[in-house]
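Input: a single structure, listed below in structure tokens.
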There are 2 protein chains.
Amino acid sequence: MSAVTSTAGTAEDVVDLVRTAIHQGEFAPNQRLVEADLSVWFGASRAAVRTALLQLTAEGLVERVQNRGARVRAVSLEEAIEICEVRMVVEGLCAAKAAQRASEDDLDGLREIAAGMRHAVEAGDVFAYSELNRRLHAAVRTVAGQHVAAGVLERLRGQNVRHQFRLALLPGRASVSLPQHLEIVDAICARDPERAEAAMRAHLASVIDTLPQVGSSPVH
Amino acid sequence: MSAVTSTAGTAEDVVDLVRTAIHQGEFAPNQRLVEADLSVWFGASRAAVRTALLQLTAEGLVERVQNRGARVRAVSLEEAIEICEVRMVVEGLCAAKAAQRASEDDLDGLREIAAGMRHAVEAGDVFAYSELNRRLHAAVRTVAGQHVAAGVLERLRGQNVRHQFRLALLPGRASVSLPQHLEIVDAICARDPERAEAAMRAHLASVIDTLPQVGSSPVH
DNA sequence: TTCGCCAACATTGTCGCCAATCCTTGCGTC
DNA sequence: GACGCAAGGATTGGCGACAATGTTGGCGAA
């Protein structure tokens, strides 16, 4: 209910507004998104809102049924697991590609992130670790140079940021995932594609195993 | 230039019309898609065409640049390879899942497709083999019960049907891929997830190796 | 009382028009 | 002759209004 009344006329802006609103929980899962309401809410025309909802539907963030309106798509635990399973294999591919194609500068960047992760865990800074986690996966995607895979992953990531976020807050999670992350970086730095893929898959398999613990309880 | 003047007013219909037109080569890659032209072409309103183009952009079939219009997205050979690489790992996941979750009826269906493939190759029926190929991959997706992966694959398939089609026409291609397909079915029927995944990945790796031979020459 | 029908409401889908933006072409100048 | 610039045309983006559709509530009859 917090006032997000930042008025932005263009359609692309409405997309960003609604997307971040969903990610940050301003819009709850299954909440109806009435075009007219969002129109006055954001100070944009209904056509702009309509276009934005169409775009977000394509991104998999909102659901639309013919003549019945749009609502925030709720991703069940089962679907979150499926998403992570696909992420597992695709990010595994990216890790392998990264091990093959990384430049020395790329490797330095990865090592830097790994070092930051160590420090964050030592300092118990969960938020910094979560951010570094995001940066590591993004770096692997970038280094891999696999644009199609990057697009797929970006899409999937947008759909379960909520679950990811709750996972990061799980106590003791960092100490479990840290060695996995370090192994990924090590394998890529060793330019060993198969080991890198295996490490990435093992990491995400661990995420999948942990997901049920975070459950599908609302965060409120 | 063939007359596709089947008039259909609703936006969803325009999506289907344009999609099949692109798939069948009515619209060449990089061809501009002017909203007004398509509007009179299909007998739909410009808003409907606009919505349809938005949808197709999300599907990755058309490209849109701000205030510069839409055009049929051309997938380069490099991108086709990337698509197949992602398909390789995701369909590998599906094959593994299928090996775990298939019912006896599912296995019968797979064996039936495999038998049909053998006959098609013996008879030299390239078209039937191509159709069975499509059905086999679709069956694996379905049996796997992995809806997220299925969605990703459907998306990717739509983007390089052209390349896939040209690949199927390559002489001698069927005799290379037939044993790979049979191995996939065998592995799933043996309920061996790792072998199924390996078989699927080997098959698509073979596809990737063959792709450069088909080149990116226009088919006209 | 309960079931079924009907009407009013709420919401989305569609259309045509106007403004904003980009590309092209022609002209003038160096 | 080539470059820069401005006017014109072409095309997309945005907006309001109207039509179509699904939903909800009320009313009457069995």
Side-chain angles (χ1 to χ4, degrees), chain A residues 1 3-22 26-74, chain B residues 1 3-22 26-74:
Chain A
M1 297 303 174
V4 211
T5 46
S6 36
T7 135
T10 163
E12 200 70 22
D13 294 341
V14 180
V15 173
D16 291 336
L17 266 307
V18 177
R19 189 193 289 121
T20 60
I22 292 178
E26 307 274 347
F27 292 141
N30 278 13
Q31 176 175 335
R32 284 197 60 184
L33 298 176
V34 179
E35 294 180 359
D37 292 355
L38 269 62
S39 168
V40 301
W41 191 263
F42 292 124
S45 85
R46 201 170 76 89
V49 172
R50 182 178 190 73
T51 304
L53 288 180
L54 234 22
Q55 175 87 22
L56 290 169
T57 302
E59 287 183 25
L61 280 179
V62 314
E63 249 175 352
R64 286 177 61 106
V65 263
Q66 190 77 263
N67 291 324
R68 283 230 254 154
R71 56 181 61 231
V72 180
R73 199 167 81 87
Chain B
M1 299 303 171
V4 211
T5 46
S6 36
T7 132
T10 161
E12 201 69 22
D13 294 341
V14 180
V15 173
D16 291 336
L17 265 307
V18 177
R19 189 192 291 122
T20 60
I22 292 178
E26 307 275 346
F27 292 141
N30 278 26
Q31 176 175 336
R32 284 197 62 186
L33 298 175
V34 180
E35 294 180 0
D37 293 354
L38 268 62
S39 168
V40 301
W41 192 265
F42 292 124
S45 86
R46 203 169 77 88
V49 172
R50 183 179 191 71
T51 304
L53 288 179
L54 233 22
Q55 175 87 21
L56 290 169
T57 303
E59 288 183 26
L61 280 179
V62 315
E63 250 176 352
R64 286 176 63 103
V65 265
Q66 190 77 265
N67 291 327
R68 284 231 250 154
R71 56 181 60 230
V72 179
R73 200 168 80 86

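Residue numbering restarts at 1 for every chain, and letters A, B, ... go by the order of the sequence lines. None of the values given here were measured: they were computed from a predicted structure. Below, each value reflects all heavy atoms present in this structure, side chains not excepted, and no hydrogens, waters or symmetry copies.
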inquiry  = Using whole Å, what does the distance between atom P of nucleotide C:dT14 and atom CZ of B:F42 come to?
reply    = 16 Å

query = A:R73 side chain to A:G60 main-chain N or O, any donor-acceptor pair under 3.5 Å?
reply = yes

task = Counting heavy atoms from C-beta on, name the nucleotide in C:dT12, D:dG14, C:dC15 closest to the side chain of B:S45.
result = C:dC15

query = CG of A:D37 versus C1' of C:dT12: gap in Å, rounded?
reply = 13 Å

ask   = NA contact type, B:L33, heavy-atom cut-off 4.0 Å: base, sugar-phosphate, or nothing?
value = sugar-phosphate

key: Main-chain N/O of B:E63 paired with B:R71 side-chain donor or acceptor, under 3.5 Å   = no

task = Whole angstrom is fine here: how far is it from CG in B:L38 over to C1' in D:dA10?
result = 16 Å

A:T10 side chain near D:dG13 phosphate (N/O to OP1/OP2, under 4.0 Å) = no

request  = Write down the distance between CG (A:N67) and C1' (D:dT21), rounded to a whole number of angstrom.
outcome  = 5 Å

task = Answer whether the closest heavy-atom distance between the side chains of A:W41 and A:V49 falls below 4.5 Å.
result = no

Base D:dG13 to side chain B:R46, donor-acceptor N/O within 3.5 Å cut-off = yes

message = If I take atom CG in residue B:L53 and atom P in nucleotide D:dG14, what distance separates them, rounded to the nearest angstrom?
response = 15 Å

inquiry  = Please pick, from C:dT12, C:dG13, D:dT12, the nucleotide with the shortest atom-to-atom distance to any side-chain atom of A:R64.
reply    = C:dG13

ask   = Would a 4.5 Å heavy-atom cut-off, applied to side chains only, mark A:I22 and A:V62 as touching?
value = yes

ask   = Just how far, in rounded Å, is C1' of C:dT11 from CD of A:Q66?
value = 13 Å

ask   = Rounded to whole angstrom units, what separation is found between the CD atom of A:E35 and the P atom of D:dG14?
value = 15 Å

message = Distance check needed: C:dG13 C1' versus A:R68 CZ, whole Å only.
response = 16 Å

remark   = By nearest-heavy-atom nucleotide on DNA chain D, the more 5' of B:R32 and A:A47 is B:R32

key: Heavy-atom check, side chain of B:E59 versus side chain of B:R19, under 4.5 Å   = yes

